[in-house]
Amino acid sequence: MKQRVGSLLRERFDRDVVLEKPKDRSFGHFSTPIAFSLAKELRKSPMLIAQELSASFGEADMFSAVESVQGYINFRLSETFLDEYASWILTNPDQFGKDEKVQKILLEFVSANPTGPLHIGHARGAVYGDTLLRLGRHLGYDITAEYYVNDAGNQIDLLGLSIQLEGQATILNQEVEWPESFYRGEYMTDLTTKAVAHFGVEILTDVTRQRELALWAKESVMELIVQTLGATNIHFDTFVNESSLYAQWDRVMSKMGEGVYQKDEKIFIASSQKGDDSDRVVVREDGRPTYLAGDIIYHNQKFERAYDHYINIWGADHHGYIPRVKAAVDFLGYDSSKLEVQLSQMVSLLKDGEPYKMSKRAGNVILMSDIVEEIGSDALRFIFASKKSDTALEFDVEEFKKQDSSNPIYYIQYAHARIRTLVAKSELSTQEIQKSALKGLSADADSLLFEALLLPEIIEDAFHSRQVQKLTDYLKSLAAKLHKFYYDCRIIGSEDEAKLLKILEVVALSLKTGMNLLGIEAKDRMVREEEEA
RNA sequence: GCGCUCGUGGCUCAACUGGAUAGAGUAUCGGACUUCGAAUCCGGCGGUUAUAGGUUCGAAUCCUAUCGGGCGCACCA
C-alpha cells in the first residue's frame with residue numbers, strides 16, 4: 001500500500017519521498033513533508049509549494065483527496081482502493097504481506113555452547129533470531145537458520161572432566177578435588193548416570209577416555225537444547241560443528257596470505273590493520289588454535305557457501321569481537337560488509353518485584369525451559385520480541401501470567417477471538433461478507449480498516465530495520481483499535497453488518513498473520529485457566 | 001584509562017530514523033454491563049526528553065562537552 005503510494009509519488013516528483021502516517025487521522029492516510037525540503041531549492045514558501053503540488057493530483061483514482069495543510073501534503077486513499085485490497089487479501093489470506101525478495105541469507109543464532117542447557121539470555125537471542133527468520137521468509141528471502149556448535153577447546157575437555165568428577169563424588173563416593181571451574185547442575189547428574197549406563201563405571205576414572213566421554217555428552221546436551229528450542233517453536237536447518245572445521249586450517253590460513261604472520265612461536269592475525277585494537281593470536285606456542293581460529297575457518301566456510309548476506313546474532317558481551325572477525329573476512333578476500341552482527345543484550349528477571357531466584361539445582365542460572373514452563377512459550381516469545389534486542393531488558397514473570405489487559409498477549413488474543421465469535425454468531429455467509437462493497441464508511445471504520453491493511457509495511461520495516469518490536473507494537477495498537485471499535489459500534493444486526501464484518505475479517509487476518517510471524521498461534525476462543533479445570 | 005552503548009511521566013517502553021500538539025501500558029484516582037464476551041471501554045493526574053552549548057525552516061533524534069548506568073578491553077569460549 002505504502003509502496004504503491006510511494007512509487008507513485010517518486011514518479012511524480014522524480015525523487016524519494018518521505019511518507020509518514022499523520023499524527024491525526026483526520027489529516028488523511030499518508031502525508032509527506034516534501035514541500036519543506038523543496039522550499040530551499042525553489043526559493044518559495046513550503047505552504048505555496050504544498051498547495052501547488054496537491055492541486056496537481058485529484059484525478060488519480062487511488063486517492064479520494066489530496067490536501068495541503070501548513071506545508072504538509074496529505075493523502076486520503078479512496079474507498080475503492082481500500083476495498084479492492086481488502087477483498088484481495090481475504091481471498092488470498094496466505095499472501096498477506098508476502099513479497100518476493102530474492103536474496104539468500106545465512107542467519108546464525110543461539111550457537112550456545114553444548115556444555116549445558118540454555119539459560120534465559122540464550123532464549124532472548126533465540127527468539128529474536130527466529131522472529132527475524134519468520135519475517136524474512138515471509139518476505140520471500142531464502143534464509144538458512146544455522147547453529148554453530150562449539151564442540152572443541154577447553155570447555156569440551158572440561159565437560160568430560162566434570163562428568164568424571166561428578167561420578168567419582170556421587171557414584172563412587174570418592175573424595176574429589178574440584179577445579180576452579182567446572183560444570184554443575186541437575187543436568188550433570190543426569191548425564192553422569194546416563195554415561196555410566198552407556199559406558200560402564202570405568203569411564204569415570206579413565207583419564208584417557210575423557211574426550212570420548214565429552215563428545216558423547218555433547219550430543220546429549222545438544223538434544224536437550226534442541227528440545228528446549230522446539231518447545232518454543234524454534235527450529236534450525238543446519239548445525240555446524242567447530243570440531244569438524246580444523247581439517248581446513250592450513251588451506252584457510254594460506255588463503256589469508258599477508259593477513260597472518262608468525263611471531264614468538266605463535267601465529268597472529270593482523271587485525272589491527274582493519275580497525276581492530278590489536279593483532280590477535282590464532283595459534284598458541286604449543287600449536288593449539290584459539291577460539292578465533294575456529295571462527296575464521298567457520299566464516300570462510302560460510303562465505304564459500306556463497307550467500308548474499310550474513311547475519312550473526314551474538315550476545316552483547318561479544319561486541320568487542322566483531323572487528324577481528326570482520327578483519328578475518330577481509331583478509332580471506334570477501335566483502336565484510338556482507339556480514340552483519342546483531343547483538344542481544346542481557347535479560348534480568350523479576351518475580352513479584354524481587355530478583356528471580358536462580359536455581360541452585362540448575363547450576364545458578366535461570367533455565368530457559370523453566371521460564372517456558374512457568375509463563376508459556378507464547379508469553380516468552382512476545383516479551384523478547386517486544387523490546388529492541390540490543391538494549392537491556394527487565395521483566396517480571398508475574399506480569400505475564402495475568403489474564404487481563406495488562407498482559408499484551410491476552411489483549412491481542414482476545415481481540416482476535418472476539419472477531420471470530422462475532423463472525424460465527426452472524427447469519428451472513430463468508431461469501432456475503434467478502435463480497436460486500438466497502439462504501440460510505442464511518443471515519444472509525446475507515447481508520448480501523450486502514451490500520452489492519454498496514455501489516456505488510458510493518459513486516460517489511462521490522463525485518464529491514466531488524467527491529468522486531470515494531471510488529472508487537474503494531475499488534476498491540478491494532479488490538480486496541482479493535483476493542484474500542486467493538487465497544488463503540490454495534491455490529492450484529494446493524495444495516496452495515498456485512499461491511500463491518502468484512503473489515504473485522506481483515507483485522508483478524510492481520511492479527512493472526514502477525515502472531516504467526518511471532519511464533520504464536522492465534523486463538524479462536526479464549527478459555528480462562530480456571531474454566532479448564 | 002580506552003572502546004561500544006544507553007539515559008524520555010513513579011515504573012516498563014514508543015515516537016515512522018530530522019517533521020505537525022512527545023505517545024502507549026502500568027501504577028493511582030474516578031466513571032461505563034437488562035445490549036454482539038466487562039479478559040473490554042472512557043476520563044483525570046503525571047514531561048524543561050540527564051545537563052550545557054551548537055547545527056536549521058524544524059532536534060528526543062545529528063555534532064561537542066559534562067554527569068550517570070550497562071557491556072567489553074584473553075593465548076576463555
Side-chain angles (χ1 to χ4, degrees), chain A residues 2 18-24 27 30-37 39-40 45-46 69-72 74 111-113 115 150 152-156 158 181 242 264 266-268 277-278 280-286 288-295 315-323 343 345-346 350 353 383 386-388 390-396 399 402-408 410-411 413-415 417-419 421-426 454 457-458 461 465 467 469-470 472-473 476-477 479-480 482-494 497 500 525-528:
Chain A
K2 189 173 179 178
V18 178
L19 264 189
E20 51 194 44
K21 235 170 84 183
K23 287 259 154 66
D24 187 339
F27 284 136
F30 289 112
S31 71
T32 176
I34 189 168
F36 292 100
S37 30
K40 214 171 214 174
S45 96
V69 179
Q70 298 188 350
Y72 287 84
N74 300 324
S111 296
N113 290 341
T115 52
N150 294 126
N154 293 339
Q155 55 184 347
I156 277 294
L158 198 56
S181 64
E242 182 187 359
D264 304 332
K266 294 174 255 193
I267 298 174
F268 287 78
D277 294 337
S278 67
R280 311 289 172 177
V281 174
V282 288
V283 180
R284 306 176 177 92
E285 272 174 291
D286 59 9
R288 282 159 52 234
T290 63
Y291 176 78
L292 180 59
D295 241 358
D317 52 342
H318 286 58
H319 75 252
Y321 198 77
I322 300 171
L343 301 175
Q345 263 288 3
M346 315 230 339
L350 300 175
I383 303 158
S386 61
K387 194 177 172 187
K388 276 195 199 102
D390 65 347
T391 54
L393 167 71
E394 182 180 273
F395 77 93
D396 195 317
E399 292 284 312
K402 293 188 190 154
Q403 299 179 54
D404 59 38
S405 64
S406 68
N407 185 342
Y410 278 83
Y411 190 72
Q413 290 283 22
Y414 182 37
R418 263 190 153 165
I419 298 173
T421 42
L422 265 188
V423 172
K425 195 160 272 180
S426 168
L454 232 33
E457 277 86 75
I458 304 296
D461 186 21
S465 64
Q467 296 183 13
Q469 83 282 0
K470 294 191 176 193
T472 56
D473 288 347
K476 277 189 265 189
S477 95
L482 182 276
H483 286 307
K484 181 167 168 50
F485 188 81
Y486 177 92
Y487 194 85
D488 290 344
C489 177
R490 174 85 199 182
I491 293 155
I492 303 281
S494 114
E497 183 171 332
L500 296 177
R525 213 165 71 84
M526 300 297 279
V527 180
R528 279 184 186 276

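Every heavy atom of this structure was used, including side-chain atoms; hydrogens, water molecules and symmetry mates were not.
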For A/A479 and A/R280, find the nucleotide of RNA chain B closest to each by heavy atoms; which residue's nucleotide sits nearer the 5' end?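 So the residue in question is A/A479.
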
Starting at the 5' end of RNA chain B, which residue's closest nucleotide do you reach first, A/D264 or A/D390?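 Closer to the 5' end of RNA chain B: A/D390.
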
Rounded off to whole Å, could you give me the [atom1]-to-[atom2] distance for the [X] and [N] pair?
X      : N      : atom1 : atom2 : result
A/D277 : B/rG72 : CG    : P     : 15 Å
A/K425 : B/rU35 : NZ    : P     : 12 Å
A/Y321 : B/rA77 : OH    : P     : 9 Å
A/F485 : B/rC36 : CZ    : C1'   : 12 Å
A/H318 : B/rG70 : NE2   : C1'   : 17 Å
A/D317 : B/rU5  : CG    : P     : 16 Å
A/Y411 : B/rC41 : OH    : C1'   : 9 Å
A/N407 : B/rA24 : CG    : P     : 20 Å

Give RNA chain B the dot-bracket treatment, 5' to 3': Watson-Crick (N1-N3 with N6-O4 or O6-N4) or G-U (N1-O2, O6-N3) under 3.5 Å, [ ] crossing, | other strand. (((((((..((((.....[...)))).(((((.......))))).....(((((..]....))))))))))))....

Please state the [atom1] separation for the pair [N] and [M] - nearest whole angstrom.
N      : M      : atom1 : result
B/rA27 : B/rG9  : C1'   : 12 Å
B/rA24 : B/rC42 : C1'   : 16 Å
B/rG43 : B/rU26 : P     : 14 Å
B/rC13 : B/rC67 : P     : 26 Å
B/rC45 : B/rG30 : P     : 15 Å
B/rU49 : B/rA59 : C1'   : 11 Å
B/rA50 : B/rU8  : P     : 6 Å
B/rA15 : B/rC73 : C1'   : 35 Å

When we call it a touch if two heavy atoms are under 4.0 Å apart, what does [X] touch: a base, just sugar-phosphate, or nothing?
X      : value
A/S31  : base
A/H483 : sugar-phosphate
A/R490 : base
A/F395 : nothing
A/T421 : base
A/N74  : base

Below the 4.0 Å mark, does B/rA77 have OP1 or OP2 next to a side-chain nitrogen or oxygen of A/N154?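 Yes, A/N154 has a side-chain N/O under 4.0 Å of OP1/OP2 on B/rA77.
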
Would you say A/R418 places a side-chain N or O within less than 4.0 Å of OP1 or OP2 belonging to B/rA38?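 Yes, within the criterion.
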
Backbone N/O of A/Y411 and side chain of A/H483: donor-acceptor pair under 3.5 Å: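 Flag set: sc A/H483 to bb A/Y411 pair under 3.5 Å.
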
Whether A/S37 side chain and A/I34 backbone form a donor-acceptor pair below 3.5 Å: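 Side chain of A/S37 to backbone of A/I34: a pair is present.
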
For A/Q345, all residues meeting side chain to side chain donor-acceptor pair (under 3.5 Å), sequence neighbours excluded: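 Side chain to side chain donor-acceptor pair (under 3.5 Å) check on A/Q345 returns nothing, list empty.
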
Partner set under side chain to side chain donor-acceptor pair (under 3.5 Å) for A/T115, not counting sequence neighbours: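 With neighbours one apart ignored, the set is empty.
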
Applying side chain to side chain contact (heavy atoms under 4.5 Å, CB included), name anything that partners [X], two or more places apart in sequence or on another chain.
X      : result
A/Y291 : A/Y148, A/N150, A/E242, A/D295, A/Y321
A/I458 : A/L471, A/Y474
A/R280 : A/I269, A/S271, A/D276, A/D277, A/S278, A/L292, A/R324
A/E285 : A/E265, A/K266

Quick check for you: among [options], whose closest atom lies nearest to any side-chain atom of [X]?
X      : options                : result
A/H319 : B/rU17, B/rC36, B/rC71 : B/rC71
A/S465 : B/rC36, B/rA39, B/rU17 : B/rU17
A/K484 : B/rA77, B/rA39, B/rC41 : B/rC41
A/R525 : B/rA77, B/rG37, B/rG19 : B/rG37

Only counting residues at least two apart or in another chain, list the ones meeting salt bridge (charged side-chain N to carboxylate O under 4.0 Å, His left out) with [X].
X      : answer
A/K21  : A/E451
A/K470 : A/D461
A/R288 : A/D286

Spacing of [atom1] belonging to [X] relative to [atom2] belonging to [Y], to within rounding of 0.5 Å:
X      : Y      : atom1 : atom2 : value
A/E20  : A/T32  : CD    : OG1   : 7.0 Å
A/F485 : A/I491 : CZ    : CD1   : 5.5 Å
A/N113 : A/L158 : CG    : CG    : 11.0 Å

Could you write out each protein N or O paired with an N or O of nucleotides 28-32 of chain B at a distance under 3.5 Å?
{"from": "B/rA32", "atom 1": "N3", "to": "A/Y487", "atom 2": "OH", "distance (Å)": "3.1"}

Anti versus syn assignment for B/rC45, with syn defined as within 90° of 0: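 Because its glycosidic torsion lies more than 90° from 0, B/rC45 adopts the anti conformation.
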
Syn/anti label of B/rU17 as read from its glycosidic torsion, with the cut at 90° from 0: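 Syn conformation here, the glycosidic angle of B/rU17 being no more than 90° from 0.
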
Could you encode protein contacts along nucleotides 8-16 of chain B as a string, one character per nucleotide from 5' to 3', using B for base contact, S for sugar-phosphate-only contact and - for no contact, with a heavy-atom cut-off of under 4.0 Å? -----SSSB

Any side-chain heavy atom of A/P408 within less than 4.5 Å of one from A/T472?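 In short, these two side chains do not touch, never coming nearer than 4.5 Å.
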
A/F36 stacking on B/rG58: centroids under 5.5 Å, ring planes under 30°?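 No; by the centre-distance and plane-angle rule, A/F36 does not count as stacking on B/rG58.
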
